[in-house]
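Just below is one structure, and these are the notes that go with it.
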Amino acid sequence: MCGIFGYVGPRQAEPILIEGLRRLEYRGYDSAGIATLSDSKLFIRKKAGRVQELARHLADDPILGSLGISHTRWATHGGATDTNAHPHLGPSSHGDIAVVHNGVIENYSALKRDLQNEGIKFLSETDTEVIAHLLARQNDPDLLAALRRIIPMLKGTYGMAAVSPRHGERIIAARLGSPLVIGVGEGEHFLASDPSALIGHTSKIVYLKDHQVCVITADDFHIYDASHSRVSFSVQNIDWKSTDTDKGEFPHYMLKEIHEQSESVANAMRGRLDHENATAVFGGLNLDPRQLRKAERIILTACGTSYHAGIVGEYLFEEFARIPVEVEYASEFRYRNPPIDQDTIVIAITQSGETADTLAALRESKRKGHRSLAICNVVGSSIAREADGGVYLHAGPEVGVASTKAFTSQVVVLAMLALFLGRMRNLSSLQGAKMIEDLQALPEIIKKTLRCNDAVRQLAEKYQQTSNMLFMGRQYMYPVALEGALKLKEISYIHAEGYPAAEMKHGPIALVDKQTPSIFLTPRGSVFDKVMSNLEEVKARGGPVIAIASEGDARAADHVASRADEVIFVPDVPEYLQPIVTVIPLQLFAYHAALLRGCDVDKPRNLAKSVTVE
Ligand code: F6R
């Protein structure tokens, strides 16, 4: 949520900062701003709206300088206005100070009141402006010293950067709970809240840790810990290809990422399937076989789409590893105090690795002494670094705000974990070998599944005007129903609900009428007949029905086709892998419906890619 990009070096900062903000825009896009230093003068431009608005404004009114900081905002305090956009200014006799900030200063209103009582005037409604005024009030030409003095006053989270003409050609930055990385170039340095924004500039990055501050110049940078001592650091290489963050031949990131799923699922499995022992192998779990065998319970904790993958994981672990599993919303888990015995493993599932609630849930679980793992996409993210061990998705950057390829990769990783844990317990080598065969077939099967695109687009054309929609499924299809509804509502703004299909008659069936279509997930499987009965109940009440069914079984196909108004067929796969093939038409349906309704698919209103506030 919100993005920070900074540059110091020999080149003009403005185009570099704007390009950096474009890369970060998926993190927040209600306003953007930029501050540069030139000839000991501070220049600021900021604008409500997309980065494009700011770029237009800069074309009319350019700014010079080879050092600058910039920000793209997702509003937390105060609406999306020019004034509330960052950078915020702290006027000082030693030269104004410009500040950009991600995170939330929880005690900002008390701090603001104190500052106002001293006669300081605030221009914006943001929490960030208190940081700028606090820094300015230190009246210290040494910005680093000023920052160190104000940090203990701040309660909450921050990734922040500041520049001031009196402080010379340097950027200072600090992190607590909101990510920042330094990009190391030749005679130039960068600062970013997300390493992917540095692609094309440098592949060398240094992650800032919580409680660290840094001073960055064109030639050098230094990092200090909370006790003001200089600390050593390691420079890491990013291995993402720059094409990963281009849209390529696709009009939107979301469509590109839906089509990447064959490859991303293959990448999640690469090197992890052990044919000889009919199991899966993971390099980074950091748990010895004894600890794994002793595990009596697994808690999966996550938010949003990752939470839905967690429910699939629950079914997978229970079926194949015979371990009791609970799935918890991270935002609830972090504040609950459930009795958990020592042989419980907690696994946080997250694409970004920065979701504030998931990070807090992981920390809470570690505090209580549980082995705490992460299934995560972004290498080096906060959750990846703080977990005791884990599994990377290797899905490549997911830029579209609606999560798609991360979900299928999460499900594949969970299936491999279920295989791995199952083989330590009750699964035979034959069963293990069969699972490996099933998993390996997935990339080709996903390619075939994507052929439903045109049929799904026609469906979207037919139903795009609807105001409400229901998604129903049972067993492995229940979390897919939740995910289909989430995808549709978040990008097309059509109200949608997902339910376990049989639960419908306990209330939601009251919503069924001619104007409320239902999507039923009816692939071949153990509950096929049961779901068909639920489908009939909706039909009997006049509700239009779309079914997602398996190819290959003529009898079942006829049965579905004669009951549903429309059917989308997907390849037949074993039941436990059906979430992967059935979610694809739902992702595509949401995409096409949103497009037809004129919505901004990659940047839906009110959302941001990674939710780094509570
Ligand atoms: C929905 C979506 C969100 C995220 C959620 C968790 O399409 O993207 O619901 O799944 O914010 O994010 P991560 O997985 O980054 O922790």
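A donor-acceptor distance shorter than 3.5 angstrom exists from the side chain of R423 to the backbone of N277, with no hydrogens or angles considered. In this structure a side-chain-to-backbone donor-acceptor pair under 3.5 Å is missing from D274 to V281. With T301 contributing its side chain and E328 its backbone, the two residues share a donor-acceptor pair below 3.5 Å.
A heavy-atom distance below 4.5 Å is found between the side chains of Q236 and S234. Side-chain contact check for S193 versus E354: every heavy-atom pair is 4.5 Å or farther apart. Between K487 and F471 there is no side-chain heavy-atom pair separated by less than 4.5 Å.
For NZ of K505, the number of neighbouring non-hydrogen atoms (other residues, nucleotides, ligands) closer than 6.0 Å is greater than 12.
For Y307, the ring-ring contact (aromatic ring centres under 6.0 Å, His included) partners two or more places apart in sequence, or in a different chain, are Y329. Every side chain to side chain contact (heavy atoms under 4.5 Å, CB included) that L595 has, sequence neighbours left out, goes to H252, Y591, V601. A search for side chain to side chain contact (heavy atoms under 4.5 Å, CB included) contacts involving R290 returns D288, K294, not counting sequence neighbours. Residues forming a salt bridge (charged side-chain N to carboxylate O under 4.0 Å, His left out) with E537 (at least two apart in sequence, or on another chain): none. In terms of the side chain to side chain contact (heavy atoms under 4.5 Å, CB included) criterion, residue partners of Q440 (sequence neighbours excluded) are, by chain and number, L273, H275, I436.
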(request) Let me see the working for Q351 and S306 under side-chain hydrogen bond (donor to acceptor under 3.5 Å, both in side chains), right down to the final yes or no. (result) CA-CA 7 Å; Q351 188 284 129; S306 299; over 6 Å; no
(message) side-chain hydrogen bond (donor to acceptor under 3.5 Å, both in side chains) for E398 and S403? Distances and angles first, verdict last.
(response) CA-CA 7 Å; E398 192 181 64; S403 187; 3.0 Å; yes
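Results of the side-chain contact (heavy atoms from CB on, under 4.5 Å) test with L393 over I375, V412, V265, V379 single out I375 as the only residue that passes. Checked options L300, I323, L287; the residue passing with I345 is L287 (criterion: side-chain contact (heavy atoms from CB on, under 4.5 Å)).
Residue pairs meeting the side-chain hydrogen bond (donor to acceptor under 3.5 Å, both in side chains) criterion with at least one member in residues 556-572, sequence neighbours excluded: K462-E566, Y463-E566, R524-D572, E536-R563, K539-D565, H559-R563.
Residues Q342 and G369 share a closest heavy-atom pair of OE1-O, 3.5 Å.
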